[in-house]
Student: 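Just passing along the structure, written as structure tokens.
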Amino acid sequence: MPYAPHAIEAKWQEYWSTRKTFRAEVDTSKPKFYVLDMFPYPSSDGLHVGHPKGYVATDAIARYKRMCGVNVLHPMGWDAFGLPAEQHAMRTGQHPRDTTQRNVAQFKRQLRALGLSYDWDRELDTTDPGYVRWTQWIFCKLHEQGLAYEAEVPVNWCPELGTVLANEEVRDGKSDIGGHPVVRLPLKQWMLRITAYAERLLEDLDELDWPEHIKKMQRDWIGRSEGARVLFPVIDHADESIEVFTTRPDTLFGATYMVLAPEHPLVDKVTTPARRDAVKAYLEQTSRKSERVRIVEASAKTGVFTGAYATNPVNDAEIPIWIADYVLISYGTGAIMAVPGHDQRDYEFAKTFGLPIVEVVAGGDISREAFTGEGVNVNSEYLNGLSMPAAKRRMIEQLEADGSGGGAVSYKLRDWLFSRQRYWGEPFPVLHLEDGTTKLVPESDLPVELPELADYKPGSDFQPPLARVASWIETRDPDTGQSARRDPNTMPQWAGSCWYYLRFCDPRNTEAAWSPEAERYWMPVDLYVGGAEHAVLHLLYARFWHKVLYDLGLVSTKEPFQKLLNPGMIQARSYRYFVADGGDGSTTNGRFYASDQVRYDGETPVHRATGEGLRECWVPPDEVRWKDGQPLAPDEETVLEEVTEKMSKSRGNVVNPDDVVAEYGADAMRLYEMFIGPLRKAAPWSTDGIPGVFRFLQRAYRLIVEEVDAEDRARELPPGEGTVAQQRLLARTIDKVTSDLGKLDLNTAISALMVFVRDIEKDGPVPQGVAAAFARLLAPFAPHLAEELWERLGHAESLAYASWPEADPALLVDEEIEIAVQVQGKLRARIHVPAEADEALVREVALNDANVRRHVGDREPRRVIYVPGRLLNLVL
RNA sequence: GCCCAGGUGGCGGAAUUGGUAGACGCGCUAGGUUCAGGACCUAGUUCUCGCAAGGGAGUGCUGGUUCGAUUCCAGUCCUGGGCACCA
């Protein structure tokens, strides 16, 4: 009976599960390896083939490391708080817990079907009260350290989602999830003081083995810049100064006006009575503008004069104080000194409002534009003649001497907005007391659990649903008995994922979040694999929490994730055409348009010729009609545009791993995911490639098993190690697979295994020793078949801990080698010489080659380049 | 606009301390096997000229360095991703 993956896979999954083959225990006598996947949010859609790419890769590494005698921690769990379950609850009234549990069961079934070697005894779920307890406990630690505080801050409110969002969750004025509009408004919220760790979050990136572009994204997000802070006294307000941050203290003599952000606290104080109405009008106008509009209108500068003046501390010049929305309250001090000669934004503003522009750095033409490059200072008294770095240093010294400022560092990173107006998240373990103070819930009372709810809809006036549950909100302080209110907000989804990797070290501990012994043994995570979309969200937040825990002596490493790898997305092809948009999903004229007739006006497609609004339509890949190699739209005329992008329901191109497993088995699915291309690179899924890896598995099976009947049986393989050629092929395969595993080049490792299977029987059947080594090499990639072959070869125990084969170095050296012979840099022959041949011999053999002789003729080579063992180039 | 990554056959990809471009797989072609096959086996498959031996071109494009460039350098185009008034 031919290779039948389903029976084999079911058998070994059952075996691993009942024997707990992959259970991990602390064993200080062995080296450890902690290999972790970013745990998934269990959505109701289940897995698609994109998810397992990283999981299959880490599984191969985990299996390989175990066979190398390393103690491997390889856990999986669920990041199970989250918005979709709550939205589902709003629609159906179903408790998010029930939805979540159903989804988890689905995900787990799908993962198990792939034969991933997780230690399922360590499975965790962030919504489990036994987990929430410790998430809240860590929040308490943060609070005790003064790193959690409540503040009235301008927040990103998303009306559609009914909650606020962190800065990192907003892109282009829209929510990261769903793309809903976001508005700015002031609200009292929980904040985490991540800015206190900005410097260390930046510095410690250096020691991490992470992709450079991810480190760069974090560096850019933290956005450190060096400069100076300068105090500008406000005229007629003896006790007030405007503090600004600047990266260009060398241009201070060119500061001709100041600008406050509209939200700046001094706005009200300094505005003169005559200007009050104008200022008020401007503030109203800007507060109505959404962040998005402000970005779109970035080039058009608006502002209003306050009527007040400040003194430039370096030359006592009186300069006007303006208000403008191009200055952001959330960066630096919310106020700037404007140097229109040397800053493009200030230049545009000065031009718009007719403010003076002074050149203080020579080298540009400030009648045309701001000069932001380096040059020598002019019109700057004691800075004249200095270059930029020297002028900066000199200015900072002067400011310090005068007491009007000094060197300073500023960061773009802002404090982390940590509360959400949702139900399905961790409640804050705090009590708001009658007297207006806030205290933490005692550790012994944790976790604070969510109450049951009849209705999950968000409240009005930015109130979370929990605010409506009086029986839960209203409570008493257990210490003083005074009445107290619980906090109606919950933590963002990031909270649970900030420390799950620590809980995995000791997941069933009821006395502590983790034991120091387990943490010291398993941490740090040696290999962390997951999507690049978390570059500045999860990965920054988790590093922050980890550093706080480190400072408290609760963890032993400065950083949580030593090596990071981002698997490229698995994409899908989809096919697009356009129809006239009649709104409400209808078309107005029934015509089809191909992509070359369409241009984009912002995000809306319009017809090139008529400017008519169009709508995108998609044909699922398996419904496309092909004619003469061209994909056609349903009108059988319009040529479809092929687009490669991530899988999505709306495109109808999502592939479910269940279907692949059902048809070809888990091993073929795993193999294909790895064989499709380099792990780090995105690649389009194509069902056509799977039969190729399936055939490879069939051949591997037949190598060792005779397909005689329903049972089949192992071939009677000759004993021993086989011919020299077979031994060499095996040695080369071991060498290649081993080194590729080390580099995570799993696609080329599989290729080496394919070559082995193709060639090993060329001069006789596989000998037993060679077959046994092959089964072990196959194990990280196709573990079910590998176990089956191992068993058929007569082994009673699983090969999960069998020793990894080693290549005999002597067999890796060939007796005869091929040398490329070039004449004038062009390849003219390939010659074979003994491996130990010297240059003279190679040259002699080369010159005897007929084709080489033809090209050399009777000329004497002017120069001969010999690369030992590889190439000989004759230059005439 | 700025920053980062990447452009190699019909397709996914392999090969970079500069040294035989196209491993492996898909697809395709031919042959074998089979009652038959969308199964299996063998051979071939970058393009192009040639009966062949062999020649020419070729790693987005244009130049440069070199005996030799997919690899290094300069410029340029395209694709994907990130950031976007951060003073």
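Convention: sequence-line order gives letters A, B, ...; per-chain numbering from 1.
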Student: Do any side-chain nitrogens or oxygens of Arg695(A) fall under 4.0 Å of OP1 or OP2 in rC40(B)?
Tutor: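 Yes, within the criterion.
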
Student: Taking atom P in both rC47(B) and rA84(B), what distance in whole Å separates the two?
Tutor: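 Going atom to atom, P in each nucleotide, I get 47 Å.
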
Student: Should Arg699(A) be listed as having a side-chain N or O under 4.0 Å from OP1 or OP2 of rC40(B)?
Tutor: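 Arg699(A) to rC40(B) OP1/OP2: no side-chain N or O under 4.0 Å.
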
Student: Return yes if a side-chain donor-acceptor contact under 3.5 Å exists between Asp740(A) and Thr748(A), otherwise no.
Tutor: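 Per modelled atom types, Asp740(A) and Thr748(A) side chains form a pair under 3.5 Å.
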
Student: Can you say whether a donor on the side chain of Gln822(A) sits under 3.5 Å from an acceptor on the base of rU20(B), or the other way round?
Tutor: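 Check fails, no donor-acceptor contact within cut-off.
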
Student: When you compare rU16(B) with rG27(B), how far apart are their C1' atoms, in angstrom units rounded to a whole number?
Tutor: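 Straight-line distance between the two C1' atoms is 29 Å.
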
Student: With a 6.0 Å cut-off (strictly less than), is the heavy-atom count around CZ of Arg870(A), excluding the residue itself, greater than 12?
Tutor: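 Not more than 12 within 6.0 Å, no.
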
Student: When the C1' atoms of rG18(B) and rG68(B) are considered, how many whole Å apart are they?
Tutor: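 Between the two C1' atoms, the distance is 8 Å.
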
Student: Decide yes or no, distance alone: a donor-acceptor N/O pair under 3.5 angstrom between the base of rC85(B) and the side-chain of Lys301(A).
Tutor: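 Answer yes: a donor N or O sits under 3.5 Å from an acceptor.
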
Student: Go through the N and O atoms of the side chain of Asp688(A) and the base of rC26(B), and report whether any donor-acceptor pair is under 3.5 Å.
Tutor: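 Side chain to base: no pair below 3.5 Å.
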
Student: Testing the 3.5 Å rule here: is there a donor-acceptor pair between the side chains of Tyr411(A) and Thr195(A)?
Tutor: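 Per modelled atom types, Tyr411(A) and Thr195(A) side chains form no pair under 3.5 Å.
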
Student: On a whole-Å scale, what distance lies between the P atoms belonging to rG1(B) and rG55(B)?
Tutor: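 The same atom, P, in both gives a distance of 49 Å.
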
Student: Between rA87(B) and rU17(B), how far is it from one P atom to the other, in whole Å?
Tutor: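 It works out to 40 Å between them.
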
Student: Counting just side-chain N and O atoms, does Lys681(A) come under 4.0 Å of either OP1 or OP2 of rG13(B)?
Tutor: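 Looking at the OP1 and OP2 atoms of rG13(B), one of them is under 4.0 Å from a side-chain N or O of Lys681(A).
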
Student: Does the side chain of Asp346(A) pick up a donor-acceptor pair with the side chain of Tyr326(A) at under 3.5 Å?
Tutor: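 There is such a pair between these side chains.
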
Student: Using the C1' atoms only, state how far rU70(B) lies from rG6(B), rounded to an integer number of Å.
Tutor: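 The answer is 13 Å between these two C1' atoms.
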
Student: If we take the P atom in both rG13(B) and rC26(B), what is their distance in whole Å?
Tutor: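 The answer is 16 Å between these two P atoms.
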
Student: If I pick the P atom on rG54(B) and the same atom on rG7(B), what distance separates them, to the nearest angstrom?
Tutor: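 It comes out at 34 Å once rounded to the nearest Å.
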
